[in-house]
Amino acid sequence: MGIFSNLFPIGNIEKRLEKIYVPSYQSMGMSLSEAESTFKDILKDCKEDAEKDETTNLPENFGDVLLEKEKTNESIKNLHNRKRKEGVTNQDIRWWWNMHDLERRMMIYDDNWTRTTAFLNNINNKKMSQDEAADAVKKHYFLYGEPDLKKNSIEEDDPLPFELKDRINIYYSKRAGRGFQEFLDEIQTYTSINAFIRNEIKNGNL
């Protein structure tokens with residue numbers, strides 16, 4: 001399960017998300033009122049996207065539903081098998097897809113916002129070129145997404161499956177805790193932090 005369950009009414013989900021993201025935005029330097037306003041704007045965008053994508057009524061056990069459907073649905077089976085090549089397990093699928101749709105969307109929005117902010121900071125404050133700024137972001141921030149099934153191969157810098165997010169966060173915290181600078185230096189030897197993670201998965205370290 002995710003942090004929250006769809007067993008909660010939508011209002012309770014929003015309150016629980018607010019308790020996570022408002023303090024997070026405050027830690028970035030926002031006032032309480034700015035953080036609350038930012039959260040409301042982002043939540044509104046996420047809810048509108050959910051309406052467009054028709055995901056507002058997904059069942060609370062959607063991950064389990066997907067795993068059951070792959071037995072008879074070739075498209076779902078192919079998608080899951082591609083993700084399994086990246087190290088995704090059935091438990092990872094349950095973790096990501098059994099959480100509330102708004103929780104997933106807020107995570108994705110937050111990731112994208114963080115990368116965009118870092119990119120602009122590299123250009124405006126660190127005076128990097130756009131290429132330099134993009135390369136720096138690739139080395140420090142994970143990129144997640146759905147796999148492109150039209151591609152025959154998986155490139156090392158490709159987006160990582162969303163389903164790996166929890167395991168990656170846990171691994172990152174443990175490695176950073178054993179020596180953060182050494183950890184960062186190791187990542188810098190790869191084309192991206194995604195490439196580093198793929199190598200760690202390949203070596204059975206994650």
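Along the sequence shown, residues are numbered consecutively beginning with 1.
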Practice item. Just do the side chain to side chain contact (heavy atoms under 4.5 Å, CB included) check on R175 and E186 with the steps written out, would you? Key: CA-CA 11 Å; R175 279 298 309 271; E186 183 177 354; 2.7 Å; yes
Check your understanding: What's the shortest heavy-atom distance between L79 and P147, and which atoms?
Key -> CD1-CG, 3.6 Å
Check your understanding: Would S24 and I20 satisfy side chain to side chain contact (heavy atoms under 4.5 Å, CB included), going step by step from the backbone distance to the final call?
Key -> CA-CA 7 Å; S24 176; I20 287 179; 5.7 Å; no
Check your understanding: Would you say the side chain of E132 lies within less than 4.5 Å of the side chain of N122, judging by non-hydrogen atoms?
Key -> no
Review point. Any side-chain heavy-atom pair from Y172 and L206 closer than 4.5 angstrom?
Key: no
Check your understanding: Between W96 and Y144, does the ring centre distance come in under 6.0 Å?
Key -> no
Practice item. Would you confirm whether the ring centroid of F183 sits within less than 6.0 angstrom of the ring centroid of F196? Key: yes
For [Y], is there any backbone N or O sitting under 3.5 Å from a side-chain donor or acceptor partner on [X]?
| X | Y | value |
| --- | --- | --- |
| Q188 | D185 | no |
| R82 | N78 | no |
| N203 | N199 | yes |
| N194 | L143 | yes |

Between the side chains of [Y] and [X], is the shortest nitrogen-to-carboxylate-oxygen separation below 4.0 Å, so that they form an ion pair?
| X | Y | answer |
| --- | --- | --- |
| K52 | E48 | no |
| K83 | E146 | yes |
| D148 | K151 | no |
| E70 | R84 | yes |
| R198 | D158 | no |
| K47 | E14 | yes |

Practice item. Carefully, step by step, assess T55 and R105 under the rule side chain to side chain donor-acceptor pair (under 3.5 Å). Key: CA-CA 11 Å; T55 59; R105 290 183 182 277; 2.9 Å; yes
Drop me the distance from [X]'s [atom1] to [Y]'s [atom2], to the nearest 0.5 angstrom.
| X | Y | atom1 | atom2 | value |
| --- | --- | --- | --- | --- |
| I187 | E200 | CD1 | CD | 9.0 Å |
| M106 | I13 | CE | CD1 | 12.0 Å |
| I197 | E86 | CD1 | CD | 11.5 Å |

Exercise for review: Please determine, by modelled atom types, if T38 and E36 share a side-chain donor-acceptor pair under 3.5 angstrom.
Suggested key: no
Exercise for review: Kindly check if the number of other-residue, nucleotide or ligand heavy atoms within 6.0 Å of CD (E182) is above 12?
Suggested key: no
Check your understanding: Stepwise, does the side chain to side chain contact (heavy atoms under 4.5 Å, CB included) test hold for N61 with R94?
Key -> CA-CA 8 Å; N61 63 333; R94 291 189 181 95; over 6 Å; no
Exercise for review: Go through F162 and W97 one step at a time and tell me if the ring-ring contact (aromatic ring centres under 6.0 Å, His included) criterion holds.
Suggested key: CA-CA 10 Å; F162 290 113; W97 292 104; 8.0 Å; no
Point to revise | Test log, rule side chain to side chain contact (heavy atoms under 4.5 Å, CB included), inputs M107 and M99 | key: CA-CA 11 Å; M107 285 185 182; M99 74 173 71; 4.1 Å; yes
